[in-house]
Amino acid sequence: MNKLSPLHDKIYCALSGSAADAQTIAEIVNYQLDVHSIEVDEDPLVCSAATLVKNISYKYKEELSAHLIVAGWDRRAGGQVYATLNGLLTRQPFAVGGSGSFYIYGFVDAEYRSDMTRQECQEFVVNSLSLAMSRDGSSGGVAYVVTIDSEGVEEKCILGNQLPTFYDPDI
Amino acid sequence: MEKQHSYSQVKGVSTGTTILAVKFNGGVIIGSDSRASMGESYVSSKTINKLIQVHDRIFCCIAGSLADAQAVTKMAKFQLSFHSIQMESPPLVKAAASIMRELCYSNKEELQAGFITAGWDRKKGPQIYVVSLGGMLLSQPFTIGGSGSTYIYGYVDAKFKPDMSLEEAKQFSINALALAMGRDNVSGGVVHLVVITEPGVKHIVVPGDKLPKFHDE
């Protein structure tokens, strides 16, 4: 299942938690963002998209159980990442979520650098996903990576056997 | 140890904790944080030592209920010294781990503690054994445990290399514990490390302000 859902041309969100809840939120925000961008007559800001997601998450906090990470590129502030867990909106240099995320908190804390190149950043993401997938029973399969910058959007799908492998003491 | 004993008489002291052990070229490092908590919100001790020496070159570290862990390690220490007198030689690390396993497995209903046993013996050199909650015994080149360990699975999977030098293994352990302590609210305080090699045992303490800092600090 592709858990990366486009909210607009250069804004994507990553879904976690209940798949149904998360997909519904993404579809609603996609629609709201289209309306908003027509009204404002230009491309929406990542911050607007994240705020729309946050509004739904917060209003229906009791009924929904989904965490969306909103990320994208806009002309005003460049690349941005927003986490919307439980209705809190925070902008962060990077964000992780989902059941597998607990296993890689240490790794991403240690390895993240704010001045990574595109290539290094993609490697960082793929390494983190691969480590989480090898430890979390509910994560696995293939890795989807979407890279967004001023030029455009690149979608990549990395198959299970092409993911980086790490030392496994049980082998 | 007296201080720990009085706290353990109060119900519910447990070591939300991060513990690890890693084998390197010539020895083994066993390490832990130093926080003891009661419930989720009260830190009952900032500086307890969770690394317990059960014999000259065999150490145990504990995760789970402090009272259970103390009871088991006291029994294990006694049985091990008896065993080594009978055998007339220092005990094997595996013997120590088996004693812990026997105690955990036979009392699995009542106990709530898991252990990492690490040490050096003349037969197999440096070894690490994990005795889990239900009484499973497993030997591994490195292992992590405790509530804080979930946050560093990715980090240790990525960074561990077999046959590291002492310095590399020390840095690996300190980094891993610092990362876990940074994310887990029931792990914290200082880092205790014990380096066990053939010549002997060295206890290193890294206070909070000397721990490595990562990007968001």
Side-chain angles (χ1 to χ4, degrees), chain A residues 16 69 79-83 85 88 90-117 120-140 143 158 160 163-171, chain B residues 18 20-24 28 33 116 118 127-130 132 136 138-164 168-169 171-187 191 211-217:
Chain A
S16 69
I69 295 176
Q80 300 146 72
V81 171
Y82 292 86
L85 186 57
L88 166 69
T90 50
R91 180 171 175 198
Q92 295 171 194
F94 68 88
V96 296
S99 57
S101 67
F102 296 103
Y103 302 106
I104 50 172
Y105 271 115
F107 179 77
V108 299
D109 277 342
E111 294 295 299
Y112 175 75
R113 313 245 176 281
S114 51
D115 54 355
M116 288 191 281
T117 63
E120 288 170 341
C121 201
Q122 282 178 338
E123 263 175 43
F124 169 71
V125 167
V126 170
N127 283 344
S128 309
L129 287 171
S130 172
L131 286 163
M133 280 155 65
S134 72
R135 282 287 181 178
D136 179 29
S138 322
S139 303
I158 302 173
L163 288 170
T165 49
F166 298 91
Y167 178 78
D168 187 345
D170 298 319
I171 291 181
Chain B
T18 312
L20 62 66
V22 57
K23 217 176 354 180
F24 65 91
V28 98
D33 71 315
I116 296 178
Q127 297 147 75
I128 296 174
Y129 292 91
V130 178
S132 69
M136 173 185 78
L138 200 56
S139 169
Q140 294 191 305
F142 76 88
T143 186
I144 53 181
S147 58
S149 66
T150 47
Y151 304 104
I152 48 173
Y153 271 110
Y155 180 78
V156 300
D157 279 345
K159 295 287 165 174
F160 175 76
K161 292 182 315 250
D163 277 334
M164 288 189 280
E168 289 174 328
Q171 201 51 52
F172 170 81
S173 313
I174 293 175
N175 283 350
L177 286 168
L179 286 164
M181 282 154 62
R183 285 287 182 179
D184 184 26
N185 63 328
V186 289
S187 298
V191 165
L211 288 175
K213 295 201 187 307
F214 299 94
H215 75 97
D216 58 0
E217 298 165 274

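Nothing here was measured: the structure is a model prediction, and the numbers come from that model. Sequence lines set the chain letters: A, B, ... in the order given, protein chains first and strands last, and positions in each chain run from 1.
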Side chain / backbone / both / neither for B/Lys159 at chain A, heavy atoms under 4.5 Å:
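For B/Lys159, the side chain is the part near chain A, not the backbone.
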Given that the side chain runs from C-beta out, which part of B/Ala180 has a heavy atom under 4.5 Å from chain A: side chain, backbone, both or neither?
neither
Side-chain contact test, heavy atoms from C-beta onward, threshold under 4.5 Å: evaluate it for [X] versus [Y] and give yes or no.
X: B/Asp184; Y: B/Tyr151; value: yes
X: A/Val108; Y: A/Phe94; value: yes
X: A/Ser114; Y: A/Pro93; value: no
X: A/Tyr105; Y: B/Leu179; value: no

Quick one, A/Thr90 with A/Tyr82, criterion side-chain contact (heavy atoms from CB on, under 4.5 Å). Give me CA distance, side-chain angles, the key distance, then yes/no.
CA-CA 6 Å; A/Thr90 50; A/Tyr82 292 86; over 6 Å; no
Chain B interface, residue from A/Tyr103, A/Phe166, A/Phe102 that has the most non-hydrogen pairs under 4.5 Å
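The candidate making the most pairs under 4.5 Å is A/Tyr103.
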Proximity breakdown for [X] and chain B, heavy-atom pairs closer than 4.5 Å:
X: A/Gln92; answer: neither
X: A/Ala132; answer: neither
X: A/Ser134; answer: side chain

Name the option with the most non-hydrogen atom pairs under 4.5 Å to chain A; the candidates are B/Ile152, B/Thr150, B/Thr143.
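Winner by heavy-atom pair count: B/Thr150.
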Under a 3.5 Å threshold, yes or no: a donor from one side chain and an acceptor from the other, between A/Asp136 and A/Ser99?
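Short answer, yes.
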